[in-house]
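Protein chains get the first letters and strands the later ones, always in sequence-line order, with residue 1 at the start of each.
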Amino acid sequence: MKKLVIGAALGTMLMAGTAFAGPYGTAGCGLGSIVFGSSPGFVQILAATTNGIFGNQTFGITSGTSNCSNTGGGTQSAQAFIETNREALAKDISRGNGETIKNLATLSGCQDPTAVGATLQRNFKTIFPSSDASNTQVSGAVINVLKSDKTLACERLI
Amino acid sequence: MTARIALLVALAGCGVVAQGPYTRDVLRAPVDQDRQAYIHALKIRAHQLHLAQAAQWLRLGHWRRTWSGDYESQADGTNFFLSPHGKDSPTQELDATLEGFFSELPANDPRLASKNVQHPICQFPARFQWLSEQLAIDPAKLPAHDCSRYEEFVKSLQADSVTLVFSSYYLNNPASAFGHTFLRIGKKNALIPEERRQLLDYGIDYSADVDTNFAPVYAIKGLAGAFPGTFRKVPFYFKVREYNDFESRDLWEYKLRLTDKQRDFLVAHVWELGSTFFDYFYMSENCSYHILGLIEVANPDVRLLDDMHWPVIPADAVKALYDNPGLVESVEYRPSSRTRFRHDIQDLSSDQRDAIEALADDPASKMSLGQKQSIEVLDAAQDLVDIRYAKQLIQDSRDSDGARIKQKLLERRAEILVPSVDAAEAVPWSKMPQRGHDSRRVALGGGADLQSDRWAAFGARLALHDLADPSDGYPDLSQLEFLPTRARYDVTNRRFELDQMDLVHIISLTNQDRFDRHISWEARLGSQRIDDAGCRTCYAGHVQVGAGGALSTPTERVTAFVLGETHVWSGPRLDGIGGAPIRIGIGPAGGLRLRITPELVSLLMGEWDWLPEQTGFSTWYASETLRWEIFHDVALDLEARAESHRQSGVLSTMLYF
């Protein structure tokens, strides 16, 4: 019994690698919708005390690659990448450089990540018109900007 | 004890267990006589070679010997076994596997629609490869099989390298107290440099499927192994955003030295594990344990799991890698947003720091700096806002303060059409988890007090680290102890006494400055022996919580802290409030920690508590601990302590193991 009591205290701390089998949100592949499911308040406490919090079948080994877990390149995977990395990417776009821009350029098949950074920075206000812009609006806008600047030659975006 | 756990689990409800159909129910054994004869010959050959007892076969099926000496597989999903007795019999599973390779799935069976059901060659590609090699199975004799789902999986990974990732401790996030481990499968792409594609790698993560958020049920089920644990394939960028940004945890990455064949074998085995689950035990069979099991399968020469002891702490997984010389090829470091921010502001002027602070509160505030300085300030202010409002931002609360302040800052930054430079990160090599002392500790020594009592002192601790322990590999300002216990054999009075036994004792100190206002705090739950005016050697349960602030030098070498503490003691012989057996104490505590070298730490602590309406009125103590790690995992500990009516000293040797 003692082992169990010790463990109970430890257990609440040692949540190394737990996942909440929550529903997948409807707002695209936003990090929040996947981390917290559709009921942020409810799951929040749990998420705060757990560790690996991505529990849904989006990531099952044998369930195949889903829209939100595709990193193979092309429009769909670029979209998922933009939505999940929104906060980090927004910063990088305002700075015209950064890891998320370089990886996005790779996914989109663009030749020169430096040029991609400059173009996105110039178009910051188009991509992020206000703090209310939804994740799907943002991903649509980024892809539009990349596609319409032909000099970038982002050949994997169709 | 087992019965009680069973009852608790029953009350809590059972974990979600994957339901059928199972491959073995759908499979049809070959009727063709040639094939039957061939299978028979293979089985005989396998028995002659004792393949069922071969280390690699046992690893592939995750069979371990139980205390009774029989084999049992740690895998708990029915579909992981082609024989109904497979969980307990490596031999029967081997026979069933050989037969399975030559069996067929009836084309029009409706059960084929389930993702559970695959042809054994596709479901168990690692078993198939290994047995093919051992028995020289003739591919021409195999039935037709379509492994397109497995092939798609392999193609999505494009595996080139395998890296064990350790996400480090950060006590202000309770989840990260012990860290976490998972694998990153590096993608093959010679044309594009790694920094431009690493986020697109996949992480292979083993975690529990939690189906409750009621904490007590959660803890009990977690300990009793009532949550199923499964492997997942997650884009690495999820992990980076989750750990680096949201939880402010640094990532340490250990690239493994594997041959191409070993790497591909690991990938094949990940796929096999995708069709099962393991009962997830927080303390033993946790994320670190099964990730190591995967690496063992890849390289039969490495030994990882045998050296794991209870409890399995994620940092132990890293240490286990280093117990196999040559297994770690290189180490990389990916700092958290918090670490990056700290690093980026180091070289900034005081004007710039003022501007960062102002911008994080009011993103429209005026700035009179040159362009380069402005860029540095705006970039740092963005990072600060990300850290401060991490929760709002990840929850996608678009009309929150965090989102609005950030938007305005980003707009200001984007107006300066000059790209920021990639930050060069200083890697804190001394904090690599494998450099830390081992997680368990015992102590043996002698003590004396001015009343001429003499005693032998004993100490033991299950995990993990306190403020005076050798500091390499651990955060300087955090203490996380489980089951710290102290006892003595009083030579003068010939008596054995338990001085203190805590379940948990945590101290989390955060240097307060203009950018970080996190409080410092302490929490403790356990029991201790009280020996003062209010009670002569009584044993009492003890709960303590405290909060306050800390100040530290930039390298965290000198740290001072003050905490307001509240204690509640309860014990049958206590003469507490109004004569009741409950005692309450409230008062200030303080400390000064000095890291003289990473191996030599001095910790001065003191506390005074008011005991309202209780005998003695107040109680106090002051103590100085000097701990010196003389060899790796061996330390000398000198503690001098003064209390209201007693002064004592203890010298002991501590052993981390």
Pair [X] + [Y]: basic N to acidic O under 4.0 Å:
X	Y	answer
A:K91	B:D245	no
B:E415	B:K408	no
A:E99	A:K102	no

Residue, of [options], that accumulates the most heavy atom pairs under 4.5 Å with chain B:
options	result
A:K125, A:Q121, A:R122	A:Q121
A:D92, A:L104, A:N97, A:T62	A:T62
A:G117, A:S134, A:S130	A:S130
A:S131, A:G96, A:A90	A:S131

For chain A, which of B:S337, B:S156, B:P419 has the most heavy-atom pairs under 4.5 Å? B:P419
Heavy atoms only, distances under 4.5 angstrom: which of B:R412, B:R404, B:R149, B:Q382 has the most pairs with chain A? Name it, please. B:Q382
Honestly, is B:K406 close enough over B:Y389, meaning NZ or CZ under 6.0 Å from the six-membered ring centre and within 45° of the axis?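 Judged by the rule, B:K406 and B:Y389 form no cation-pi pair.
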Pick one of side chain, backbone, both or neither for [X], based on which atoms fall under 4.5 Å of a heavy atom in chain A.
X	value
B:V421	backbone
B:N189	neither
B:I416	backbone
B:D386	side chain
B:E411	both
B:I192	side chain

Do B:R196 and A:T106 pass the side chain to side chain donor-acceptor pair (under 3.5 Å) test, and can you show the C-alpha distance, the side-chain angles, and the key distance before you say yes or no? CA-CA 7 Å; B:R196 280 161 54 183; A:T106 300; 4.5 Å; no
Is the ring pair B:F231/B:Y206 parallel, tilted or perpendicular, if the boundaries are 30 and 60 degrees?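 Correct class here is tilted.
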Look at the aromatic rings of B:W271 and B:Y150 and report parallel, tilted or perpendicular, splitting at 30° and 60°.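 Plane angle between 30° and 60°, so tilted.
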Region of A:T114 in contact with chain B, defined by heavy-atom distances below 4.5 Å: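 Contact with chain B: none, neither part.
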A:A105 versus chain B, the contacting section by heavy-atom distance below 4.5 Å: neither
Would you please say whether a donor-acceptor pair under 3.5 Å links the side chains of A:D149 and A:T119?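 A donor-acceptor contact under 3.5 Å links the two side chains.
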Any donor-acceptor pair under 3.5 Å linking the side-chain atoms of A:S77 with those of A:R156?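 Distance-only check fails for A:R156 and A:S77.
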